[in-house]
Protein chains: 2
Amino acid sequence: MNDLLVILKSISDRNRLRILSALLVHEELCACQITEFLQVAGATASKHLSQMVTAGVLSKRKQGRWIYFRLNRDNPDLSPLFEWVNARISGTKQAKKDMCTLKQVLEIPCEELSQNQRESGRCSTS
Amino acid sequence: MNDLLVILKSISDRNRLRILSALLVHEELCACQITEFLQVAGATASKHLSQMVTAGVLSKRKQGRWIYFRLNRDNPDLSPLFEWVNARISGTKQAKKDMCTLKQVLEIPCEELSQNQRESGRCSTS
DNA sequence: TATACATTTAGCTAATCGTCGAAATGATAG
DNA sequence: CTATCATTTCGACGATTAGCTAAATGTATA
């Protein structure tokens, strides 16, 4: 029951649900892409992602300098949940808007995304 | 997407999940039975129940002096979720313990439960 | 109609949670 | 071997939430 609670909590937040929604469509996304997509600080995105990984909802994979996340398809118990969420979320206003945003994010290479994210939270001169 | 979030949040709390779990087995329970089952203040149980009704997860029905709650089977979209939760929750330690507790609670008539609950939060003499 | 009483609402407190900026980590590329 | 840099951890802050007690509500019975 605790496991179940952890899973449910891990998708019961607006931004985490948006991550799930994005990964239902896009197979694999890297941390910087998700950070850009959500429009939050990198630390915030990282925390959400880590919570979802801990819950077993996402898996992560390192490649080069980036870390990619995807739905954890290894656990067949989760498939019905993914399908149920997908059925209820795709077609909603927010989901449509998000897919559009995501498409734009995916056109920018990770190098550029990360660089922008580094620069956005910095003091001017020194 | 907001509706979905409200549904998920309404079952992502330990006590609310226990309510759902109980109603997966027992069809219908009154507020005082759930209060006793959860071992919380009546106001607390009422708040949880009302949140689940608002989310569309539960329906309520008044009979005599008591209000009975049950899973909202009118919304077929929810059935897969109920089934998924049921499959993952029944058989867990907590669920087994809860079903045992619930059985004991159901042996006590509502009149007696309510009276006990009224008395438990009261000052001694005056 | 008046009283009893199951449930809900209101107001409060403590704990949890989402978010941020800054510092730490650890792996890669030069 | 060092410097770079994507990600994570840390520490802090404001917002939300679960829980309580006490008071209000509104229905049902006498």
Side-chain angles (χ1 to χ4, degrees), chain A residues 5-6 8-19 29-55 58 60-69 108-124 126, chain B residues 5-6 8-19 29-55 58 60-69 108-124 126:
Chain A
L5 207 47
V6 168
L8 289 172
K9 276 179 196 284
S10 83
I11 60 170
S12 298
D13 167 80
R14 167 162 295 278
N15 279 336
R16 290 196 296 273
L17 191 56
R18 291 174 71 207
I19 292 172
L29 294 169
C30 102
C32 68
Q33 290 170 328
I34 290 168
T35 299
E36 186 69 21
F37 164 58
L38 295 180
Q39 289 284 300
V40 295
T44 302
S46 173
K47 218 162 141 185
H48 285 314
L49 289 165
S50 134
Q51 179 174 351
M52 295 175 83
V53 169
T54 299
L58 301 187
K60 67 198 266 193
R61 166 180 89 84
K62 183 155 208 171
Q63 179 176 329
R65 277 144 63 191
W66 290 281
I67 297 184
Y68 290 91
F69 295 85
I108 309 170
C110 284
E111 286 83 354
E112 199 173 326
L113 284 177
S114 287
Q115 189 185 342
N116 293 344
Q117 286 161 15
R118 234 178 314 125
E119 285 173 352
S120 69
R122 150 194 100 179
C123 289
S124 48
S126 71
Chain B
L5 206 48
V6 168
L8 289 171
K9 277 179 194 283
S10 84
I11 61 171
S12 297
D13 167 81
R14 158 157 259 104
N15 279 336
R16 288 195 297 272
L17 190 55
R18 291 174 71 208
I19 292 172
L29 295 170
C30 102
C32 68
Q33 290 170 327
I34 289 168
T35 299
E36 186 70 20
F37 165 58
L38 295 180
Q39 288 284 300
V40 294
T44 302
S46 172
K47 222 159 134 185
H48 285 313
L49 288 165
S50 131
Q51 180 175 350
M52 295 174 83
V53 169
T54 300
L58 301 188
K60 68 197 265 193
R61 166 179 88 85
K62 184 155 207 169
Q63 180 176 329
R65 278 143 65 189
W66 289 282
I67 297 184
Y68 289 91
F69 295 85
I108 309 170
C110 285
E111 286 84 353
E112 200 172 327
L113 284 177
S114 288
Q115 188 185 343
N116 293 344
Q117 286 161 14
R118 235 177 313 125
E119 285 173 353
S120 69
R122 150 194 99 177
C123 289
S124 48
S126 73

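Numbers restart at 1 for each chain; the letters A, B, ... are given by sequence-line order, proteins then strands.
Arg61(A) pairs by the salt bridge (Lys or Arg N to Asp or Glu O under 4.0 Å) definition with Glu28(A), not counting sequence neighbours. Partners of Glu112(B) by side-chain contact (heavy atoms from CB on, under 4.5 Å), not counting sequence neighbours, listed by chain and number: Ile108(B), Pro109(B), Asn116(B). Remark: Arg14(B) engages Asn2(A) in a side chain to side chain donor-acceptor pair (under 3.5 Å) (not counting sequence neighbours). Annotation: side chain to side chain donor-acceptor pair (under 3.5 Å) contacts of Ser10(B) (sequence neighbours excluded): none. Take Arg18(A) and apply the salt bridge (Lys or Arg N to Asp or Glu O under 4.0 Å) test, not counting sequence neighbours, and it matches Asp98(A). Gln115(B) meets the side-chain contact (heavy atoms from CB on, under 4.5 Å) test with Arg118(B), Glu119(B); sequence neighbours excluded.
Computed from coordinates, the Leu5(B) CG to dT16(D) C1' distance equals 13 Å when rounded to whole Å. One atom, CD1 of Ile11(B), and another, P of dA18(D), lie 14 Å apart when rounded to the nearest Å. What separates OH of Tyr68(A) from P of dT8(D) is a distance of 14 Å, to the nearest Å. The distance from atom NZ of Lys60(A) to atom P of dA27(C) is 11 Å, rounded to the nearest whole Å.
Proximity note for Asn15(A) (side chain, C-beta onward) versus dT19(C), dT7(C), dA18(D): the nearest is dT19(C). Counting only heavy atoms from C-beta on, Asp13(A) has its side chain closest to dG18(C) among dA6(D), dT7(C), dG18(C).
For the atom pair CD of Glu36(B) and CG of Leu38(B), the computed distance is 10.0 Å after rounding to the nearest 0.5 Å. To the nearest 0.5 Å, atom NZ of residue Lys9(B) and atom CG of residue Leu8(A) are 12.5 Å apart. Interatomic distance, SG of Cys32(B) versus OH of Tyr68(B), reported as 7.5 Å (0.5 Å rounding). Note that SG of Cys110(B) and CD1 of Ile67(B) are 12.0 Å apart. Values are rounded to the nearest 0.5 Å.
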Could you write out each protein N or O paired with an N or O of nucleotides 26-30 of chain D at a distance under 3.5 Å?
none

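Comparing the local axis fitted to the first five base pairs of the helix from dT1(C)-dA30(D) to dG30(C)-dC1(D) with the one fitted to its last five gives a bend of 40°, rounded to 10°.
For the segment residues 40-48 of chain A, residues with any heavy atom less than 4.0 angstrom from an atom of DNA chain C are, sorted by number, Val40(A), Ala41(A), Ala43(A), Thr44(A), Lys47(A), His48(A).
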Identify each donor-acceptor pair in which a side-chain atom of residues 43-54 of chain B lies under 3.5 Å from a protein atom, sequence neighbours left out, and give them as a table.
unit_1: His48(B); atom_1: ND1; unit_2: Arg16(B); atom_2: NH1; d: 3.1
unit_1: Gln51(B); atom_1: OE1; unit_2: Arg16(B); atom_2: NH1; d: 3.1
unit_1: Thr54(B); atom_1: OG1; unit_2: Ser50(B); atom_2: O; d: 2.9

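Using a 4.0 Å heavy-atom criterion, one finds that Arg16(A) contacts the sugar-phosphate atoms exclusively.
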